[in-house]
Amino acid sequence: MSVEVPQVQVNPVAELPGGGGPDKMSAHHVSVFYGSKQAIDDVSIDIPLRYVTAFIGPSGCGKSTFLRSLNRMNDTIAGARVEGEILLDGQDIYRSGMDVVQLRARVGMVFQKPNPFPKSIYENIAYGPRIHGLTNAKPELDNIVEQSLRRAGLWDEVKDRLNDSGTALSGGQQQRLCIARAIAVDPEVILMDEPCSALDPIATARIEELIDELRGRYAIVIVTHSMQQAARVSQRTAFFHLGKVVEYGRTSDIFTNPREERTKDYITGRYG
Ligand SMILES: Nc1ncnc2c1ncn2[C@@H]1O[C@H](COP(=O)(O)OP(=O)(O)O)[C@@H](O)[C@H]1O
Ligand SMILES: [Mg+2]
């Protein structure tokens with residue numbers, strides 16, 4: 001049975017063949033605990049290359065917790081513990097000997113609130129490639145800065161003010177700067193946790209366009225509380241509820257023909 005979801009328009013282009021690639025990441029039976037409290041319960045999911053995967057679900061259901069387990073950001077939270085297996089290109093990211101700094105370059109993250117360093121626009125981008133040893137040479141760094149800002153759709157707006165502080169930019173520009181910063185270290189996966197929630201509708205639209213442009217090169221995961229946004233930008237959607245993934249599949253199926261009653265209730269707005 002299909003349900004009426006008139007307020008959500010699924011982008012048809014997003015479902016054309018040839019879009020998605022092989023699985024870049026795979027989570028198997030992942031559970032996450034904060035002390036004795038379980039926040040994620042036995043989640044298994046694949047993250048394909050060249051697709052945008054959206055995590056949706058009511059507040060507190062574990063979307064951010066699960067997202068952070070994909071690049072071991074939960075390691076920075078005292079008392080957080082991850083069980084199960086998470087693979088990047090078939091290799092367990094929780095194995096001993098894993099270089100976590102390197103992992104976070106390969107699996108970059110963009111946060112809810114834009115958080116540029118209190119440094120110049122140039123330095124915001126050049127810092128990562130320098131500390132990750134990509135290059136120290138000025139001409140090469142200049143090139144990385146320009147290419148990253150171009151790919152993040154910010155170059156034309158900032159090319160004449162690269163020495164200005166990153167924090168002097170508008171909110172939407174700051175978020176694109178943070179995306180450029182993530183891109184600069186040549187990631188394979190980009191995790192975004194409600195990247196538009198602090199932005200106005202025009203800046204949001206700009207970020208959504210950018211996500212669509214970027215997905216050709218990366219695996220992108222976006223947490224969003226906006227079902228409209230999930231429908232616009234993603235090709236795969238996972239619906240989280242109470243720490244579990246209730247349903248995961250093609251975005252068009254989730255929004256027009258969900259298998260699970262709980263998904264149906266959520267997308268039709270029966271509960272938030
Ligand atoms: N640092 C933390 N310490 C303890 N509990 C946390 C922490 N972060 C999140 N939680 C709890 O884990 C659950 C899932 O939270 P979260 O992943 O932030 O959900 P969502 O992103 O879907 O809103 C919630 O019950 C929340 O209170
Ligand atoms: Mg969250």
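Computation of the quantities below employed the complete heavy-atom set of this structure, encompassing side-chain atoms and omitting hydrogens, waters and symmetry-equivalent molecules. Atoms within each ligand, like the ligands themselves, are counted from 1 in listed order.
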| query | How close does the nearest protein non-hydrogen atom get to atom 19 (O) of ligand 1, and which residue and atom is it? | reply | G62 N, 3.1 Å
| message | If I compare all heavy atoms of D75 with all of V100, which pair ends up nearest, and what's the gap? | response | OD2-CG2, 4.4 Å
| said: Working note: H29 + E85, criterion side-chain hydrogen bond (donor to acceptor under 3.5 Å, both in side chains); need CA distance, chi angles, decisive distance, verdict. | reply: CA-CA 7 Å; H29 304 293; E85 183 183 62; over 6 Å; no
| field | Structural part of S64 in contact with ligand 1, heavy atom criterion under 4.0 angstrom | value | both
| remark: The atoms of ligand 1 lying under 4.0 Å from a heavy atom of A39, numbered in the order shown, are 12 (O), 13 (C)
| message | As an exercise, state the distance from CD1 of I211 to SG of C196, rounded to the nearest 0.5 Å. | response | 5.5 Å
| task | Give the intermediate values and the outcome of side-chain hydrogen bond (donor to acceptor under 3.5 Å, both in side chains) for residues R250 and N257. | result | CA-CA 10 Å; R250 289 158 53 113; N257 198 14; over 6 Å; no
| query | So, is C61 polar-close to ligand 1, with some N/O to N/O distance under 3.5 Å? | reply | yes
| query | What atoms of ligand 1 come closer than 4.0 angstrom to any heavy atom of T65? | reply | 14 (C), 15 (O), 16 (P), 17 (O)
| message | Can you confirm whether the side chains of S234 and Y51 place a donor and an acceptor under 3.5 Å from each other? | response | no
| message | Just so I know, are the side chains of R72 and M98 near enough to count as touching, which here means a heavy-atom distance under 4.5 Å? | response | yes
| said: Counting only heavy atoms closer than 4.0 Å, does ligand 1 sit against the backbone of I77, its side chain, both, or neither? | reply: side chain
| message | What protein heavy atom lies closest to atom 3 (N) of ligand 1? Include the residue and the distance to one decimal. | response | Y34 CD2, 3.6 Å
| Is there a donor-acceptor pair closer than 3.5 Å between any side-chain N or O of S148 and the backbone N or O of V145? | no
| remark: Here the gap from L162 atom CG to I121 atom CD1, rounded to the nearest 0.5 Å, amounts to 6.5 Å
| message | Between ligand 1 and G57, can you find any atom pair, the residue atom being a heavy atom, that is separated by under 4.0 Å? | response | no
| task | Could you check if a side-chain atom of H132 sits within less than 4.5 angstrom of a side-chain atom of V101, using non-hydrogen atoms only? | result | yes
| remark: Checked the Mg ion (ligand 2): protein N, O or S atoms closer than 2.8 Å come out as S64 OG
| field | Y127/F117 aromatic ring centres below 6.0 Å | value | yes
| query | Given G60, S59, P58, which has its nearest heavy atom closest to atom 13 (C) of ligand 1? | reply | G60
| said: Please determine whether any non-hydrogen atom of K37 lies less than 4.0 Å from an atom of ligand 1. | reply: yes
| Would L88 and V221 show up in the same hydrophobic cluster when neighbours are defined by side-chain heavy atoms closer than 4.5 Å? | yes
